[in-house]
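Below is one structure; the comments refer to it alone.
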Amino acid sequence: FITATKHSQALFLNRRQAEQELRCKQLIPYILLRDLNSNVAAYPRHGSEIRLHGLWSAAIGGHVNAHDHQTELWQESISMGMQREMQEELPGLQGQPQFLGLINEEESAVGRVHLGLVFLLNCPQHPDNISAELQGLCWLNQPEIAARTFELWSQLALSLLPKG
C-alpha cells in the first residue's frame, strides 16, 4: 500500500506491515459525492472496516493496492486506486474528482496509520449501480447530515466541502 513517511517520501508496503508501521501513513483516496442540489451521498458503515460499524460515512474510497501501483509516480497510483474504488463501489460512475484537502488525524486507530486525500465528485445524476458495501446509500441535505452520527473522517471531509 502506498504510504507516506514522516519525511514526505512515498514508498509501497504490504498492508500487514503498513497497518503496524506508525512512522508511515497509508494514502487513502476519500471521495465525497454531491448532486446538483448540493445533497451529499452517505451510507451506514457495515462493510469490511469493522472499526467503523454503527457510524455513517459520507465518502467512498480505500487503499491503493499493488495493482494500482504500476508507475513510479505516486500521484498516478493514487488516481488509479481512486478510479478503481469508484468502479468497485459505484460501477459506471464517471468523472474526475477535484482535490479538496487532507485528513491527518491521530485520534483514532484508523487515523494513526492512514492519511486521507479528500476529493469531491459532482454527480449530475445519482448512480444506479451500488455495491453491497454501500447498502443504504442515500442523498442528504445539510440538516439531515447534522442529524446523523458520522465517523471522524467523514466529519473532517465534510468540513472541507465548498459551500453551494
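All values derive from a computational prediction rather than experimental measurement.
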- Quick one: does Pro91's side chain get under 4.5 Å of Asp128's, heavy atoms only? no
- Note, Leu121 side chain near Ile31 side chain (heavy atom, < 4.5 Å): yes
- Message: Within the 4.5 Å heavy-atom criterion, are Trp153 and Val118 side-chain neighbours or not?
- Response: no
- Glu151 versus Ser154, side-chain donor and acceptor atoms under 3.5 Å: yes
- Note on the structure: Taking every heavy atom of Met86 against every heavy atom of Gly95, the minimum-distance pair comes out as CE-O, 3.8 Å
- Closest heavy-atom pair, Leu100 versus Leu160, reported as atoms and distance to 0.1 Å, is CD1-O, 4.0 Å
- Does a side-chain N-to-carboxylate-O contact under 4.0 Å join Glu105 and Lys25? no
- Please name the pair of heavy atoms, one in Ala58 and one in Phe150, separated by the smallest distance, quoted to 0.1 Å. CB-CE2, 3.8 Å
- Query: Is there a donor-acceptor pair closer than 3.5 Å between any side-chain N or O of Asp35 and the backbone N or O of Asn37?
  - Reply: yes
- Query: Does Gln94 CD have over 12 foreign heavy atoms under 6.0 Å away?
  - Reply: no
- Item | Inter-residue atom distance Leu134.CG - Glu88.CD, 0.5 Å rounding | 10.5 Å
- Message: Between Val40 and Leu158, is there a side-chain heavy-atom distance shorter than 4.5 Å?
- Response: yes
- So, do Tyr30 and Ile103 sit near enough that their side-chain heavy atoms are less than 4.5 Å apart? yes
- Please report the closest heavy-atom contact between Ala42 and Leu140, naming both atoms and the distance. CB-CD1, 3.6 Å
- Message: Quick check against the 3.5 Å criterion: does Glu85 have a side-chain atom that pairs as donor or acceptor with the backbone of Pro29?
- Response: no
- Using the ring of each side chain (for Trp, its six-membered ring), is His126 parallel, tilted or perpendicular to Trp139, with breaks at 30° and 60°? parallel
- At their closest point, which heavy atom of Gly62 faces which heavy atom of Ile28, and how far apart are they? O-CG2, 3.7 Å
- Query: So does Glu144 pair up with Arg148, basic N to acidic O under 4.0 Å?
  - Reply: no
- Message: Please check: side-chain N/O of His46 versus main-chain N/O of Pro44, any donor-acceptor pairing under 3.5 Å?
- Response: yes
- Within a strict 4.5 Å, meaning less than it, do heavy atoms of the Gln87 and Met82 side chains meet? no
- Item | Beyond-backbone contact of Ile130 with Leu90, side-chain heavy atoms, under 4.5 angstrom | yes
- Distance-minimising heavy-atom pair for Leu36 and Pro124: CD1-O, 3.5 Å
- Message: Are the side chains of Leu33 and Pro97 in contact, using a 4.5 Å heavy-atom criterion?
- Response: no
- Message: If I take atom CD1 from residue Ile78 and atom CD from residue Gln83, how far apart are they, to the nearest 0.5 angstrom?
- Response: 12.5 Å
- Message: Using only atom types and a distance under 3.5 Å, with no angle test, would you say the side chain of Arg45 pairs donor to acceptor with the backbone of Gly54?
- Response: no
